[in-house]
Protein chains: 2
Amino acid sequence: MSSKKPHYLPLYEQIKSKLIARIASGEWPTDAVLPSEWDLADEFGVSQGTVRKAVSELTALGWLYRQQGRGTFVAPGESEWGRAHLVSPGQFAELPDVPRPELLAVSRMTAPDDVAQALGGRRGMPLHHLRLLWRVRGEAVALDDVLLPVERFAELDARRVRLAGGGVYVLLERQYAVRVRATGWQFRAVRCGREEAVLLGVEPDEELLSVVRLGVTVDGEVVEWRQRLVRSRHWAWQFDLKR
Amino acid sequence: MSSKKPHYLPLYEQIKSKLIARIASGEWPTDAVLPSEWDLADEFGVSQGTVRKAVSELTALGWLYRQQGRGTFVAPGESEWGRAHLVSPGQFAELPDVPRPELLAVSRMTAPDDVAQALGGRRGMPLHHLRLLWRVRGEAVALDDVLLPVERFAELDARRVRLAGGGVYVLLERQYAVRVRATGWQFRAVRCGREEAVLLGVEPDEELLSVVRLGVTVDGEVVEWRQRLVRSRHWAWQFDLKR
DNA sequence: AAGTGGTCTAGACCACCAG
DNA sequence: TGGTGGTCTAGACCACTTC
């Protein structure tokens, strides 16, 4: 790797790493309260201000949330829609509907070259292939093809996914103690294939929004490739950024 | 408005406001160096740590950038592609090509209802309509329709836009001292219309990526509505997020 | 060597929440 | 009333850039 390694690591960075490790390990489950900043400062042998800086950055990164007067808590993992949601085209202030997942199928496949490359693996590596259908008020709105390396996630089958409520990220967090964060969205317009048309209930050849994205772990390991096809005649994929 | 207003404003928030005002006023142009943290602390009558917190947040917000040992500088305004860039579909590590704008036309129109609503104005408000064509290595890749309130931006014509090099944000910053930030992207797949097909050099009815977004000022005023149509057979719109 | 940003400390006080 | 996060200070020292 050509990454420049700094000659030292600030205390607050070390504390960030330790906190992330303990969150990822499951020691503090979602919404659990952390020790107070002063207690953590004692534990790590630093001042409260240093702990505060570490916690602030983890809050900005979405690992924690704070409530003045109450404490610091572990934030829930990212949803499979991340910061995106579906709205009516042109309406920016609309309250979004929450899509619900339905697991259609779990199978195995070998990785196409571009997927293998994106996942940082070898050509033809074995993958789990999950297919999810997302519905809003019963209506099919999106179809996901999720590809996960078999070597990384052994013993994954439809039963386990269904036990996790159909959510892939929930499954990975509970079963493998892995928090996956989406990164690097790629948007395109594509034509609907025959098979997808049946599942989504649209005509073949209808234009669909394609969103391809990668899922990475805390350590930057790419462990998920996902394509989402979205019906976009009545829905728009809205992306909000604070900063 | 239903926003809760706090009973007090922290010093660092006041300093942030003052700094933003001075940047927006043009007192410090792009890439200008700010006074040192100690000098600003003296000027505002606070400690260096408080200035530091304000500057840190403005850095995170993209207003400033810092270089250790050198100083703090005014960051350039957001480009009209923001954090997005065009890549080949499926390639996540590719070096992006930079699209170049060509101004096709400047005209007037009255706002459609949804645009008027998004801009927070009345029905039928007068708008400037700018049309831009984006090219990568000579090839047309995207077509922008930019709508700006006439009342907010008087005396805007093709000559002035061309003087600014075809960039709308550059024009607004130089001519009106307004920094526009894109927010709230909406992605859809649409069919190409007849007129757009000619301009983009594609067949009518070809599927295109439609990206509608709003541009807001520092004060949260919505001053721009923009639709971008992107050829997406050979290009994907990639969006990167650090956090 | 001087000047800048970057880290860290110890202590103080304020705002907010729960009991 | 006590505990928590949130702000602010004064001072120290480190890392980096420039001269």
Side-chain angles (χ1 to χ4, degrees), chain A residues 3-20 22-23 28 30-76 242-243, chain B residues 3-20 22-23 28 30-76 242-243:
Chain A
S3 66
K4 290 171 59 178
K5 74 170 177 190
H7 295 161
Y8 72 106
L9 250 194
L11 285 178
Y12 73 88
E13 288 289 353
Q14 301 174 33
I15 293 172
K16 276 170 65 180
S17 299
K18 289 178 185 173
L19 291 176
I20 287 181
R22 288 166 76 171
I23 297 166
W28 297 317
T30 295
D31 291 322
V33 60
L34 262 61
S36 77
E37 293 177 351
W38 288 99
D39 287 350
L40 287 172
D42 278 352
E43 181 182 333
F44 292 128
V46 300
S47 72
Q48 177 260 0
T50 300
V51 168
R52 183 162 183 78
K53 171 143 190 171
V55 170
S56 294
E57 298 210 351
L58 292 183
T59 299
L61 286 170
W63 285 93
L64 302 171
Y65 63 95
R66 297 202 266 210
Q67 290 182 10
Q68 182 169 152
R70 302 224 310 129
T72 302
F73 307 85
V74 177
K242 325 283 153 55
R243 55 181 60 195
Chain B
S3 67
K4 290 171 59 178
K5 75 169 176 190
H7 294 165
Y8 72 106
L9 252 193
L11 285 177
Y12 72 89
E13 287 289 353
Q14 301 175 34
I15 293 172
K16 274 170 65 181
S17 300
K18 290 178 186 173
L19 291 177
I20 287 180
R22 289 167 75 170
I23 297 167
W28 296 318
T30 295
D31 292 323
V33 60
L34 263 62
S36 77
E37 294 177 353
W38 287 99
D39 287 349
L40 288 173
D42 279 351
E43 181 181 334
F44 292 128
V46 300
S47 71
Q48 175 259 1
T50 300
V51 168
R52 183 163 183 77
K53 172 144 189 171
V55 169
S56 294
E57 297 210 351
L58 292 182
T59 299
L61 287 170
W63 284 94
L64 303 171
Y65 62 95
R66 298 202 266 211
Q67 289 182 10
Q68 181 169 152
R70 304 225 309 130
T72 302
F73 307 84
V74 177
K242 323 282 153 55
R243 50 183 61 196

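Below, chain A is the first sequence line, B the second, and so on; all start at residue 1.
With A/Tyr65 as the partner, the side-chain hydrogen bond (donor to acceptor under 3.5 Å, both in side chains) test is satisfied by one option alone out of A/Asp31, A/Thr72, A/Thr59: A/Asp31.
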I need a per-nucleotide contact map over nucleotides 3-10 of chain C, read 5' to 3'. Cutoff is protein heavy atoms under 4.0 Å; write B for the base, S for backbone only, - otherwise.
BBBBBSB-

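Partners of B/Lys16 under the salt bridge (Lys or Arg N to Asp or Glu O under 4.0 Å) rule, at least two apart in sequence or in another chain, are B/Glu13, B/Glu57. Looking at residues two or more places apart in sequence or on another chain, you find a salt bridge (Lys or Arg N to Asp or Glu O under 4.0 Å) between B/Arg22 and B/Glu27, B/Glu43. Every residue meeting the side-chain hydrogen bond (donor to acceptor under 3.5 Å, both in side chains) condition with A/Ser56, not counting sequence neighbours, appears here in chain and number order: A/Arg66.
Nearest heavy-atom pair across A/Val74 and A/Leu64 is CA-CD2, 4.0 Å.
Counting only residues at least two apart or on different chains, no ring-ring contact (aromatic ring centres under 6.0 Å, His included) pair has a member in residues 34-64 of chain B.
Here the straight-line distance linking atom CD of B/Gln48 with atom CG of B/Asp42 works out to 11.0 Å at 0.5 Å rounding.
For the helix from C/dA1-D/dT18 to C/dA18-D/dT1, the rotation axes defined at the first and last 5 base pairs enclose an angle of 10°, given to the nearest 10°.
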